[in-house]
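See below for the structure under consideration.
On a predicted model such as this, the values are computed, not experimentally measured, just so you know.
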Amino acid sequence: MKGLDLNRFFRDSAHLIRPALVLLAGLGLFLVVRAAVVPKGFGKYGHYRPAALEVIRSRPISYAGQDTCAMCHTDEAKARSEGRHAYVACEACHGALASHANDPSAVKPALPDVANLCRRCHEKDAAKPAGFPQVVTAEHSGGALCNTCHQPHNPKL
């Protein structure tokens, strides 16, 4: 009699057991794929791979840093430190120049394209803070380059 009750139980609850087995199979498949795809050290130090640090360290340094720039370009560094661009790194405008810092005579960096460079930060945009200096470049300059009137390292008029 107990066998019949058990048989009846499985027959009557099959509509519940099948989805539960499908769910368990899906969960098992997910865990297997996750174990194969996610690197072993992921999550150890936060939301990244610890091995990424070694990969990054193996790459050559491309940015010199503004302290390095200021060692040779003292006039520009002084003008920049006294102006509104004091907290803008040199390489934000001039590009990555560690190769120039390592061998200044061999690597001569080109001056930035001022027409596009200033516009990247200062083109009028409603999403920018109200106190941030913004212009509609087409109307502001009449076609003249920004450095016609402004000094890039200390952009006062």
Side-chain angles (χ1 to χ4, degrees), residues 16-141 144-157:
L16 298 173
I17 293 173
R18 277 188 234 120
L21 290 175
V22 169
L23 182 66
L24 287 173
L27 181 62
L29 181 63
F30 168 76
L31 292 174
V32 168
V33 170
R34 183 181 183 272
V37 174
V38 176
K40 299 291 182 217
F42 183 78
K44 184 176 179 181
Y45 300 119
H47 199 74
Y48 68 96
R49 299 179 299 116
L53 297 174
E54 292 305 319
V55 172
I56 292 167
R57 283 187 196 111
S58 70
R59 295 179 181 163
I61 294 173
S62 54
Y63 288 91
Q66 61 189 39
D67 292 338
T68 304
C69 299
M71 287 192 303
C72 298
H73 302 280
T74 53
D75 293 342
E76 288 84 355
K78 184 176 186 305
R80 191 177 54 80
S81 70
E82 295 170 351
R84 300 185 93 176
H85 286 163
Y87 299 105
V88 178
C90 302
E91 291 165 305
C93 299
H94 293 281
L97 291 170
S99 56
H100 170 67
N102 292 336
D103 191 1
S105 60
V107 179
K108 296 288 183 191
L111 289 175
D113 175 15
V114 177
N116 291 318
L117 179 68
C118 301
R119 185 183 349 216
R120 281 193 319 210
C121 296
H122 295 287
E123 185 66 33
K124 182 101 172 132
D125 185 350
K128 292 180 183 169
F132 189 81
Q134 302 177 57
V135 296
V136 177
T137 50
E139 298 169 4
H140 176 75
S141 64
L145 293 177
C146 302
N147 60 354
T148 305
C149 301
H150 304 276
Q151 296 300 314
H153 297 112
N154 189 347
K156 295 178 185 172
L157 281 178

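- In this structure, F132 and H122 have parallel ring planes: the angle between them is below the 30° cut-off, well short of the 60° mark.
- Shown here is F42, whose CZ atom has more than 12 heavy atoms of other residues, nucleotides or ligands within 6.0 Å.
- P50 and G41 make their closest contact through CD-O, 3.1 Å (heavy atoms, listed as atom of the first residue, atom of the second, distance).
- The two atoms that bring A115 and R119 nearest to each other are O-NH2, 3.0 Å, heavy atoms only.
- Taking NZ of K108 as the reference point, atom CG of L97 lies at 12.0 Å (rounded to 0.5 Å).
- Considering all non-hydrogen atoms of both residues, A144 and T148 come closest at CB-OG1, 4.1 Å.
- The SG atom of C118 lies 9.5 Å from the NE2 atom of H140; values are rounded to the nearest 0.5 Å.
- Pairing each heavy atom of P39 with each of R49, the nearest pair is CG-CD, 3.4 Å.
- Once rounded to the nearest 0.5 Å, the distance linking OG of S141 with NE2 of H150 reads 8.5 Å.
- Atom CG of L27 is separated from atom CZ of R34 by 11.0 Å, given to the nearest 0.5 angstrom.
- Q66 places no side-chain N or O within donor-acceptor distance of the main-chain N or O of E91, the cut-off being under 3.5 Å.
- Taking SG from C69 and NE2 from H94, the interatomic distance works out to 8.0 Å, rounded to the nearest 0.5 Å.
- Side chain of T68 to backbone of A64: a donor-acceptor contact under 3.5 angstrom is found.
- With hydrogens and angles ignored, the 3.5 Å screen pairs a side-chain donor or acceptor of K128 with a backbone N or O of C121.
- Considering only heavy atoms from C-beta on, R84 comes within 4.5 Å of P133 through its side chain.
- Within a 6.0 Å sphere centred on CG of L145, heavy atoms belonging to other residues, nucleotides or ligands number more than 12.
- No side-chain donor-acceptor contact under 3.5 Å links R120 to the backbone of N116.
- Distance alone, capped at 3.5 Å, is enough to place a donor-acceptor pair between the R80 side chain and the V88 backbone.
- Interatomic distance, OG of S105 versus NE2 of H100, reported as 9.5 Å (0.5 Å rounding).
- Two residues are said to be in side-chain contact when any heavy atoms from C-beta on lie closer than 4.5 Å; V136 and E123 meet this criterion.
- Taking each heavy atom of G83 and N154 in turn, the nearest pair found is CA-OD1, 3.2 Å.
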